[in-house]
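Take a look at the structure below.
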Number of protein chains: 2
Amino acid sequence: MNLAPEYKARLDEALEHSGQRSTKQREHIFSVLLEKRDHPTADEVYARAREGMPSISLATVYNCLETLIETSLIRQVNFEREPTRYCPNLTNHAHFYCRESGEIVDIELPDELIGQLMAVLPEGFSASHIDIAYDGKCNCCHD
Amino acid sequence: MNLAPEYKARLDEALEHSGQRSTKQREHIFSVLLEKRDHPTADEVYARAREGMPSISLATVYNCLETLIETSLIRQVNFEREPTRYCPNLTNHAHFYCRESGEIVDIELPDELIGQLMAVLPEGFSASHIDIAYDGKCNCCHD
DNA sequence: GCAATAATTAGAATAATTCTAAAAAAGGGC
DNA sequence: GCCCTTTTTTAGAATTATTCTAATTATTGC
């Protein structure tokens, strides 16, 4: 429920930078995501958010998540047609989706590998972002 | 509308292998995807399929696409929450999504790069598949 | 503190996809 | 080729995550 001052500052700065206002709800949603660093869906964020702010609405949760994505404070993770998940880890990383447990695990990626991926793009293509999703069985789900 | 014999054989074999039947509709959907090698949505596949088979239903299009994916004859491409797209290119490749034109372009990937991506997985993780999506501006959309 | 603007809210609307149950088609044995 | 069983197709209803709408509330700059 409480946003550490450094994150509060980061949030406020990012919002101001994009001409948006700082609100209790945005702060709360950001703190919810930072508190448990997994990959919750909007519904899960909503459920967690209501614990500390019972009157928040689902639409606001969607709005806040959208704002946090726009301001690059969180990332969006999509796996096939499943509900979108939200991720506060901003380092270079890929997502590993375990078909068995359904869990999503962050896989840290060396900058060099990202560079190599950028390097295979044909002339004239420029990417602002690369999304990498592994799909298989995680360590907990092996015999 | 016509499926080249080699593809017909591949389809029949894949279907038999998975204990499924060969049908006019499955054959037709497969041929539609092979004819124009882009990344159509289910709706677009439906529209194209009706040209040669006006009585086909949307549910069947979805069913057939599902079957073709299960039998690894085509791939599914998801970009954020947009409608799923379908891709008959089975080589190692990533997808480049152009924010400007909305176009999806196949980016061929060296096996070695896939190997490196597999190599960064922690002990105990095994991936059957890696999905790579670039997001930026394609060569046609640069100044 | 006031006006102007932006954000939140509840509930309706949307859109891709899946489900359902009935009709049609395939494949195997004769 | 014909019957039987199983699978597939079909039309339309249902689902579900998400977005939209319009009214209320909060925030910011003065």
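As the structure is a computational prediction, the values presented were derived from the model and not from experiment. Reminder, nothing fancy here: chain letters follow the sequence lines and each chain counts from 1.
- Straight-line distance from the CG atom of Leu15(B) to the C1' atom of dT7(D): 12 Å, rounded to whole Å.
- When heavy atoms are screened at a 4.0 angstrom cut-off, Thr67(A) is found touching no nucleic acid atom at all.
- Hydrophobic cluster membership is shared by Leu11(B) and Val45(B), with clusters built from Ile, Leu, Val, Met, Phe, Trp and Tyr side chains linked at under 4.5 angstrom.
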Please list, one pair per line, the donor and acceptor atoms closer than 3.5 Å that link side chains of residues 116-128 of chain A to other protein atoms, with sequence neighbours excluded.
unit_1	atom_1	unit_2	atom_2	d
Gln116(A)	OE1	Gln116(B)	NE2	3.0
Gln116(A)	NE2	Gln116(B)	OE1	3.0
Ser126(A)	OG	His142(B)	NE2	3.2
Ser128(A)	OG	Asp135(B)	O	3.1

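- Straight-line distance from the OH atom of Tyr62(B) to the P atom of dA14(D): 18 Å, rounded to whole Å.
- Among residue pairs with one or both ends in residues 68-83 of chain B, those qualifying as salt bridge (Lys or Arg N to Asp or Glu O under 4.0 Å) are Glu80(B)-Arg99(B); sequence neighbours excluded.
- Taken together through direct or relayed side-chain contacts under 4.5 Å among Ile, Leu, Val, Met, Phe, Trp and Tyr, Val77(B) and Tyr134(B) form parts of separate hydrophobic clusters.
- Using modelled atom types and a 3.5 Å distance limit, the side chains of Asn78(B) and Asn78(A) yield no donor-acceptor pair.
- Partners of Arg37(A) under the side-chain contact (heavy atoms from CB on, under 4.5 Å) rule, at least two apart in sequence or in another chain, are Tyr7(A), Leu34(A), Pro88(A), Asn89(A).
- Every side-chain contact (heavy atoms from CB on, under 4.5 Å) that Glu44(A) has, sequence neighbours left out, goes to Pro40(A), Thr41(A), Arg85(A).
- If you measure from atom CD1 of Ile29(B) to atom C1' of dT9(D), you get 12 Å, rounded to the nearest angstrom.
- Contact between the side-chain N/O atoms of Ser57(B) and the OP1/OP2 oxygens of dT10(D) is found at a separation under 4.0 Å.
- Checked against side-chain contact (heavy atoms from CB on, under 4.5 Å), Lys8(B) has the following partners two or more places apart in sequence or in another chain: Leu3(B), Asp12(B), Ser22(B), Glu27(B).
- Contacts of Ser18(B) classified as side-chain contact (heavy atoms from CB on, under 4.5 Å), with partners at least two apart in sequence or in another chain: Gln20(B), Thr71(B).
- Sorted by residue number, the list of members of residues 40-50 of chain A with any non-hydrogen atom under 4.0 Å from DNA chain C is empty.
- Counting side-chain heavy-atom gaps under 4.5 Å among Ile, Leu, Val, Met, Phe, Trp and Tyr, the cluster of Ile104(A) also holds Phe79(A), Tyr97(A).
- Mapping heavy-atom proximity under 4.0 Å, the span of DNA chain C touched by chain A runs 5' to 3' from dT5(C) to dT17(C).
- Atom pair Leu58(B):CG and dA11(D):P shows a separation of 10 Å (rounding to whole Å applied).
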Between N or O atoms, less than 3.5 Å apart, protein on one side and nucleotides 26-30 of chain D on the other: list the pairs.
unit_1	atom_1	unit_2	atom_2	d
dT27(D)	O2	Arg21(A)	NH1	2.9

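- Linking ILVMFWY residues whenever their side-chain heavy atoms come closer than 4.5 Å, directly or via other members, leaves Val105(A) and Tyr86(A) in distinct clusters.
- When the local axes at the two ends of the helix from dG1(C)-dC30(D) to dC30(C)-dG1(D) are compared, using 5 base pairs at each end, they differ in direction by 40° after rounding to 10°.
- With sequence neighbours excluded, the residues that form a ring pair (Phe, Tyr, Trp, His ring centres under 6.0 Å) with His95(B) are His39(B), His93(B).
- Considering CD1 of Ile114(A) and CD1 of Ile130(A), their distance stands at 5.0 Å, rounded to 0.5 Å.
- Residue-to-nucleotide proximity on DNA chain C shows that, of Tyr86(B) and Ala59(A), the 5′-proximal contact is made by Ala59(A).
- Look at CD on Glu80(A): it is 17 Å from C1' on dT16(D), rounded to the nearest Å.
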